[in-house]
Colleague: 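Got a structure here, written out as structure tokens. Questions coming.
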Amino acid sequence: MTNPAFWNGKRVLVTGHTGFKGSWLSLWLLSMGAEVTGLALDPPTEPSLFALAGLERRMDSRIGDIRDPAAVDAAVRAAEPEILIHMAAQPLVRLSYDEPVETVATNVMGTVHVLEAARRCASLRACVVVTTDKCYENREWPWPYRETEPMGGYDPYSASKGCAELVTSAWRRSFFGKPGAFGKPGSAAIASARAGNVIGGGDWALDRLVPDCMRALMAGRTIPVRNPHAIRPWQHVLEPLGGYLLLAEKLWDDPADHADAWNFGPSDSDARPVSWIASHVVERWGDGAAWELIGGDHPHEATYLRVDSSKARMQLGWEPRLGLADCLDWTVEWFRRYHAGENIERVTLDQIERYQGMAGRTSVQMDGRTP
Ligand SMILES: NC(=O)c1ccc[n+]([C@@H]2O[C@H](COP(=O)([O-])OP(=O)(O)OC[C@H]3O[C@@H](n4cnc5c(N)ncnc54)[C@H](O)[C@@H]3O)[C@@H](O)[C@H]2O)c1
């Protein structure tokens, strides 16, 4: 469970703060009293949670490209972070087929630039590199993947994240040899975090199921669905973010035992077919909403991938708290309130506060409800 008192007054650098997860994380950190600096390109979507929540005014927001080592270095020097959470990336599988070079440049060399700046930064104590469950070599088998399994990736995005993991591991072993000797360059504890597909309010990315649903519903259109039988392990955006925060706290307190790779996946019962998600969202939205199958050739997408989060449960005390049905309901609620013109910073903070107030969940019901 995240400890708000820990974050009060901490200097935190978030890369990718203008994106979906970065905006939620920045708001959460600010609400706990952290001094937050961000480094990213302009928001990747219009509209964006970053703009709607007024984050530019509330944090030290720096627009820069992580493919440029000087830009990364300048942001790290200015922020003098104690904690760095690296999330900037080209995060879309389908776009990675159209822009493979840019995807690899951002996700692999961008990560190298962040790690290079991090190892020169004497103030840094903890660094979390965010990758994805897609970093694993996907054998399309039914068992969940553990942190020890090989990296891989069929498509450019997945391969780039597998590479980012390898690079993080190599830099940790080669250049961050003194965790705990704080105040010296190279003394930070570095971990990586592998979470699955996240959903939540404020995501307008193209070619993602829930944003596609919300766009269609708000425009009064039928939801277009491809791959209705594909099963994905869904989780609310606050679940992995809570994991990253908890991991950073543990890195701070006990660096030697936590500078490693960590899975933050949803519960098994939250792995559902795309058609189930679309039907649930349609039912919750009401107003005669519907979904339809769209045909055509689609690039290869992995059909099944689950991660085993036992290590995070047992060693960090992290576990998912929102069942899938609740997580979809929170998402529909967020977009309904956005559609009604409510203050988005307030809407988002309401959900962060509600999430923080929830007691740890010990089991998941088959209907996807949080007991
Ligand atoms: N959304 C998901 O379902 C999901 C699942 C697993 C992992 N992730 C990972 O979480 C992280 C955040 O994902 P998201 O969904 O918020 O993505 P997003 O597209 O909403 O945000 C990406 C952020 O990275 C920044 N960025 C992109 N290229 C950059 C560059 N060259 N230089 C500087 N900044 C750049 C963007 O400006 C933006 O702030 C990514 O690392 C992604 O791979 C996301």
Side-chain angles (χ1 to χ4, degrees), residues 13-27 38-51 55-56 59 61-72 74-75 85-96 99 101-114 117 128-136 153 155-165 168 192-212 232-241 243-244 262-266 277 302 305 307 327 331:
L13 175 60
V14 176
T15 73
H17 68 294
T18 61
F20 167 50
K21 287 168 78 171
S23 297
W24 276 90
L25 184 67
S26 300
L27 271 172
L39 172 66
L41 297 178
D42 284 323
T45 59
E46 168 58 42
S48 70
L49 175 55
F50 177 77
L55 273 165
E56 193 170 6
M59 60 189 289
S61 171
R62 291 166 180 265
I63 299 303
D65 193 326
I66 60 168
R67 289 169 293 185
D68 173 8
V72 179
I85 301 181
H86 172 45
M87 293 201 295
Q90 191 303 93
L92 301 171
V93 172
R94 284 165 67 92
L95 184 61
S96 80
E99 299 182 357
V101 176
E102 292 84 347
T103 300
V104 169
T106 294
N107 296 0
V108 185
M109 284 312 293
T111 300
V112 168
H113 298 152
V114 168
V128 177
V129 175
V130 171
T131 67
T132 169
D133 57 7
K134 297 185 179 68
C135 66
Y136 292 106
D155 59 86
Y157 169 71
S158 304
S160 74
K161 286 292 190 170
C163 287
E165 282 283 350
T168 302
S192 63
R194 305 162 180 175
N197 295 322
V198 292
I199 58 180
D203 188 6
W204 276 277
L206 291 174
D207 288 330
R208 279 189 191 152
L209 174 65
V210 173
D212 284 349
R232 304 258 185 269
W234 308 93
Q235 58 190 163
H236 193 271
V237 61
L238 289 169
E239 305 274 32
L241 295 185
Y244 308 157
W262 299 85
N263 286 340
F264 295 103
I277 307 289
L305 199 152
V307 292
C327 137
T331 305

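In listed order, ligands and their atoms are each counted from 1.
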Colleague: If the test is side chain to side chain contact (heavy atoms under 4.5 Å, CB included), which one of P44, S48, S23 qualifies with T18?
Modeller: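 Exactly one pass, corresponding to P44.
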Colleague: List the steps, then state whether side-chain contact (heavy atoms from CB on, under 4.5 Å) holds for F20 with T45.
Modeller: CA-CA 9 Å; F20 167 50; T45 59; over 6 Å; no
Colleague: Less than 4.0 Å is my threshold; does some heavy atom of I199 fall inside it relative to ligand 1?
Modeller: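 No, I199 has no heavy atoms under 4.0 Å from ligand 1.
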Colleague: Are any of the N or O atoms of P44 closer than 3.5 Å to those of ligand 1?
Modeller: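 Not met; the criterion fails.
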Colleague: Please tell me if the side chains of E102 and Q90 come closer than 4.5 Å, counting only heavy atoms from C-beta onward.
Modeller: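 Side chain of E102 against side chain of Q90, heavy atoms only: no contact under 4.5 Å found.
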Colleague: So is G64 touching ligand 1 or not, going by heavy atoms under 4.0 Å?
Modeller: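 Flag set, G64 near ligand 1.
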Colleague: What part of T131 sits under 4.0 Å from ligand 1 if we count only heavy atoms: the side chain, the backbone, both or neither?
Modeller: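 It is the backbone that gets close, since no side chain atom is under 4.0 Å.
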Colleague: Under the criterion side-chain contact (heavy atoms from CB on, under 4.5 Å), I'd like the reasoning laid out for F50 against E56: C-alpha separation, chi angles, the key distance, then a yes or no.
Modeller: CA-CA 7 Å; F50 177 77; E56 193 170 6; 4.0 Å; yes
Colleague: Among all protein non-hydrogen atoms, which one is nearest to atom 23 (C) of ligand 1, and what is the separation to 0.1 Å?
Modeller: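 Going atom by atom, the protein heavy atom closest to atom 23 (C) of ligand 1 ends up being G16 CA, 3.6 Å.
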Colleague: Identify the closest protein heavy atom to atom 2 (C) of ligand 1: which residue and atom is it, and at what distance?
Modeller: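 Atom 2 (C) of ligand 1 sits closest to the protein heavy atom V198 CG2, 3.4 Å.
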Colleague: Check each atom of ligand 1 against the heavy atoms of D42 and keep those under 4.0 Å away; list them by number with element.
Modeller: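 Near D42, meaning under 4.0 Å from one of its heavy atoms, ligand 1 has 37 (O).
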Colleague: In the protein, which heavy atom is nearest to atom 19 (O) of ligand 1, and how far is it?
Modeller: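 Ranking protein heavy atoms by distance from atom 19 (O) of ligand 1, first comes P91 CG, 3.2 Å.
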Colleague: Name the closest protein heavy atom to atom 36 (C) of ligand 1, giving the residue it belongs to and the distance to 0.1 Å.
Modeller: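 The closest one turns out to be T18 OG1, 3.9 Å.
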Colleague: Find the distance between CH2 (W262) and OG1 (T131) and round it off to the nearest 0.5 Å.
Modeller: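 Here the rounded value is 14.0 Å.
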Colleague: Kindly identify the option in R194, H17, K161, R208 whose heavy atom sits closest to atom 41 (O) of ligand 1.
Modeller: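 It is K161 whose heavy atom sits nearest to atom 41 (O) of ligand 1.
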Colleague: Among all protein heavy atoms, pick out the one at the shortest distance from atom 16 (O) of ligand 1; state its residue, atom name and that distance to 0.1 Å.
Modeller: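 Protein heavy atom at minimum distance: K21 N, 2.8 Å.
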Colleague: Given G38, G19, C135, A89, which one has a non-hydrogen atom that is nearest to atom 24 (O) of ligand 1?
Modeller: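 Going through G38, G19, C135, A89 one by one, A89 has the nearest heavy atom to atom 24 (O) of ligand 1.
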Colleague: Backbone N or O of G201 within a donor-acceptor pair of the W24 side chain at under 3.5 Å?
Modeller: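 Yes, W24 side chain to G201 backbone: donor-acceptor pair under 3.5 Å.
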Colleague: Evaluating non-hydrogen atoms only, which member of T111, D65, T45, L25 is closest to atom 31 (N) of ligand 1?
Modeller: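 The option holding the nearest heavy atom is D65.
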Colleague: Is there a heavy atom in Y157 that sits closer than 4.0 Å to ligand 1?
Modeller: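 Per 4.0 Å heavy-atom rule, Y157 contacts ligand 1.
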Colleague: Among all protein heavy atoms, pick the one closest to atom 20 (O) of ligand 1 and tell me residue, atom and distance.
Modeller: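 Of the protein heavy atoms, F20 N, 2.8 Å lies nearest.
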Colleague: For residues G196 and Q235, report the shortest heavy-atom separation together with the two atoms involved.
Modeller: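 Residues G196 and Q235, closest heavy atoms: N-OE1, 3.0 Å.
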Colleague: Heavy-atom contacts with V130 under 4.0 Å: which atoms of ligand 1 show up? List them by number with element.
Modeller: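 This gives 9 (C), 10 (O), 41 (O) as the contact atoms.
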Colleague: Starting from atom 5 (C) of ligand 1, find the nearest protein heavy-atom neighbour and note its residue, name and distance.
Modeller: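 Here the nearest protein heavy atom works out to G196 O, 3.1 Å.
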Colleague: Rounded to the nearest 0.5 Å, how far does CE of M87 lie from CG of L39?
Modeller: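 One finds 12.0 Å between CG of L39 and CE of M87.
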Colleague: Is the closest heavy-atom distance from T15 to ligand 1 below 4.0 Å?
Modeller: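 Per 4.0 Å heavy-atom rule, T15 does not contact ligand 1.
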Colleague: For N197, counting its heavy atoms only, list the atoms of ligand 1 lying under 4.0 Å from any of them.
Modeller: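 Selected atoms, number and element: 3 (O).
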Colleague: Using the side chain to side chain contact (heavy atoms under 4.5 Å, CB included) rule, pick out the option among L95, N107, V104, L92 that qualifies with Y157.
Modeller: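 Option passing the side chain to side chain contact (heavy atoms under 4.5 Å, CB included) with Y157: N107.
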Colleague: Which protein non-hydrogen atom lies closest to atom 29 (C) of ligand 1, naming both residue and atom, and how far is it?
Modeller: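 Result: L41 CD1, 3.5 Å.
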Colleague: Hey, is the main chain of G200 close enough, under 3.5 Å, to the side chain of H236 for a donor-acceptor pair?
Modeller: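 Not confirmed, H236 side chain does not pair with G200 backbone.
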Colleague: Should A88 be counted as touching ligand 1, given the test is an N or O pair under 3.5 Å?
Modeller: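 There is no such contact.
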Colleague: Any nitrogen or oxygen of M87, main chain or side chain, under 3.5 Å from a nitrogen or oxygen of ligand 1?
Modeller: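 For ligand 1, there is an N or O atom that lies under 3.5 Å from one belonging to M87.
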Colleague: Shortest non-hydrogen contact from E165 to S192?
Modeller: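 For E165 versus S192, the nearest heavy atoms are OE1-OG, 2.7 Å.
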Colleague: Run the numbers on T168 and H86 for side-chain contact (heavy atoms from CB on, under 4.5 Å), then give the verdict.
Modeller: CA-CA 11 Å; T168 302; H86 172 45; over 6 Å; no
Colleague: Would T132 count as being in polar contact with ligand 1, using the rule that some N or O on each side must be under 3.5 angstrom apart?
Modeller: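 Between T132 and ligand 1 (N or O atoms, distance only) the closest approach is not under 3.5 Å.
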Colleague: I'd like to check whether L39 has a polar contact with ligand 1, where a contact means an N/O of the residue lying under 3.5 Å from an N/O of the ligand.
Modeller: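 No, there is no polar N/O contact under 3.5 Å.
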Colleague: For S96 versus P156, what's the shortest heavy-atom pair and its separation?
Modeller: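 Answer, listing the atom of S96 first, then P156: O-CG, 3.4 Å.
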Colleague: Mind checking whether A195 contacts ligand 1 via backbone (N, CA, C, O), side chain (CB onward), both or neither, at a 4.0 Å heavy-atom cut-off?
Modeller: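 The answer is the backbone of A195.
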Colleague: For the CG atom of D155 and the NZ atom of K161, what is their distance to the nearest 0.5 Å?
Modeller: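 Reported to 0.5 Å precision, the distance equals 12.0 Å.
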Colleague: Between I85 and L25, does the side-chain contact (heavy atoms from CB on, under 4.5 Å) criterion hold? Intermediate values first, please.
Modeller: CA-CA 9 Å; I85 301 181; L25 184 67; 3.9 Å; yes
Colleague: Just to be sure I read this right, does ligand 1 sit under 4.0 Å from the backbone of W24, its side chain, both, or neither, counting only heavy atoms?
Modeller: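 Neither; no heavy atom under 4.0 Å.
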